[in-house]
Amino acid sequence: MSQPVSQLINKLVCENLKTLVPYESARRLFAASDNTQDEQVPVWLNANESPYANDFAVKSDLFNRYPDCQPSAVINPYAAYAGVNHKQLLVSRGADEGIELLIRAFCTSGQDNILICPPTYGMYAISAETCNIGIHKAPLNTDFSLDLEAIKTFKDKVNLVFICSPNNPTGTSVAAEQIEQVLNHFIDSALVVVDEAYIEFDIDNTWASQLAKYPNLVVLRTLSKAFALAGLRCGFTIANEEVIHTLLKVIAPYPMPEPVAQIAAQALSEKGLLTMQQQVSAIQTEKDLLKKSLVSLGDIKLVGDDNANFILFRTAQKQALMNYLVSHKMFIRDQSKQLNLANCLRITVGSSAQNQQLLGLITSFYQQSGNQS
Ligand SMILES: *Cc1c(COP(=O)(O)O)cnc(C)c1O
């Protein structure tokens with residue numbers, strides 16, 4: 001059976017998909033380790049999720065109807081929260097769908113290119129590849145600032161410029177003057193997409209208020225990180241009205257399931273926003289504690305900055321440490337394959353108890369490896 005099927009698939013599959021492999025989500029990477037029979041509770045500090053799981057109520061009386069494409073119960077409070085007009089906002093299945101919609105709407109397959117600045121979030125390149133769009137790279141400087149000179153050489157060669165700030169996985173925020181230069185340089189040739197997935201951890205650096213000044217500015221947001229709703233799949237694209245109007249041409253007719261819209265509306269209520277802000281400030285406190293303890297351990301060196309809900313560090317014993325943590329069902333993320341991040345691991349800030357557990361394990365790892373050497 002399988003032989004004829006694979007022959008058929010090979011014949012039909014899009015040329016640009018042949019070499020691609022499905023996205024390795026943080027969770028999928030460790031699916032096997034999660035299935036072992038022992039009683040240890042796994043701790044997931046590898047996907048920048050929130051440690052908080054908040055309560056929501058769902059009403060089923062509208063489940064027999066198709067949902068609104070852009071439910072005003074979600075759009076209006078988020079527009080108010082972000083300080084934009086509701087026409088400058090699109091809600092989608094996570095910020096990831098926003099990335100894909102931008103690529104599909106503004107890049108012609110087999111012809112156009114995007115620009116990314118690695119090390120950075122992986123989905124820009126993945127979405128471009130699946131859409132058969134070219135990827136140009138202007139790597140970050142060694143201090144993780146933008147290499148403006150390199151970026152500027154791509155004028156008229158790219159349709160979208162992706163800038164992640166705070167950047168995943170370096171935790172660095174891009175200086176306002178740098179983003180301003182990029183916006184001006186590409187003002188009549190490319191959209192500049194500022195990915196603000198972690199902006200609640202660095203709220204003073206948002207670009208959402210600058211739409212009037214820059215027709216080419218796009219800002220991505222999400223409920224997955226600070227709002228503790230990664231499981232909901234709800235993200236936002238903020239841009240000038242005509243950009244949003246164009247994205248509406250490619251979005252699915254019903255991207256927002258009714259239960260998602262109901263829960264998002266609750267998360268964006270006055271009470272929901274207050275909860276989010278309290279949880280962000282608790283995570284910030286935990287982050288500082290975790291950082292202070294980490295630097296006192298073994299050969300750990302912090303890398304980048306901590307403007308989001310994670311900490312990046314370098315250790316010569318990266319693989320042994322990673323194996324040790326996995327064997328104790330403590331999952332953090334290996335970032336060492338990223339450009340200029342050799343031997344780097346990323347820890348998502350968890351609950352106080354989770355962070356203590358992690359520190360305990362790292363401490364005993366370095367004690368053991370110290371004894372051996
Ligand atoms: C997590 C993340 C996203 C994706 O957010 P979703 O709304 O869950 O799709 C986008 N950009 C960056 C930089 C992220 O880290």
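First listed ligand is number 1; within each ligand, the first listed atom is number 1.
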Output block, N or O contacts of ligand 1, threshold 3.5 Å exclusive:
| unit_1 | atom_1 | unit_2 | atom_2 | d |
| --- | --- | --- | --- | --- |
| ligand 1 | 7 (O) | Ala95 | N | 2.6 |
| ligand 1 | 7 (O) | Thr222 | OG1 | 2.5 |
| ligand 1 | 7 (O) | Ser224 | OG | 3.3 |
| ligand 1 | 8 (O) | Ser224 | OG | 2.6 |
| ligand 1 | 8 (O) | Arg233 | NH1 | 2.7 |
| ligand 1 | 8 (O) | Arg233 | NH2 | 3.4 |
| ligand 1 | 9 (O) | Ala95 | N | 3.1 |
| ligand 1 | 9 (O) | Asp96 | N | 2.9 |
| ligand 1 | 9 (O) | Arg233 | NH2 | 2.8 |
| ligand 1 | 11 (N) | Asp195 | OD1 | 3.3 |
| ligand 1 | 11 (N) | Asp195 | OD2 | 2.6 |
| ligand 1 | 15 (O) | Asn168 | ND2 | 3.0 |
| ligand 1 | 15 (O) | Tyr198 | OH | 2.6 |
| ligand 1 | 15 (O) | Lys225 | NZ | 2.9 |

Contact list for residues 166-190, test ring-ring contact (aromatic ring centres under 6.0 Å, His included), sequence neighbours left out:
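Output for this query is empty, none listed.
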Lys/Arg cation over aromatic Phe236: Arg221, 6.0 Å, 45° cone:
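That pair does not qualify as a cation-pi contact.
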With under 30° as parallel and over 60° as perpendicular, where do the rings of Tyr121 and Tyr124 fit, or are they tilted in between?
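Plane angle over 60°, so perpendicular.
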How is the hydrophobic cluster of Leu8 composed, in terms of its other members, when Ile, Leu, Val, Met, Phe, Trp and Tyr link through side-chain heavy atoms under 4.5 Å apart, directly or indirectly?
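Via sub-4.5 Å side-chain contacts, Leu8 links to Leu12.
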Can you sort out the partners of Phe106 under ring-ring contact (aromatic ring centres under 6.0 Å, His included), two or more places apart, ordered by chain and number?
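Listed in chain order: nothing, the list is empty.
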Does any donor atom in the side chain of Asp299 or Thr315 lie under 3.5 Å from an acceptor atom in the other side chain?
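Yes, Thr315 and Asp299 have a side-chain donor paired with an acceptor closer than 3.5 Å.
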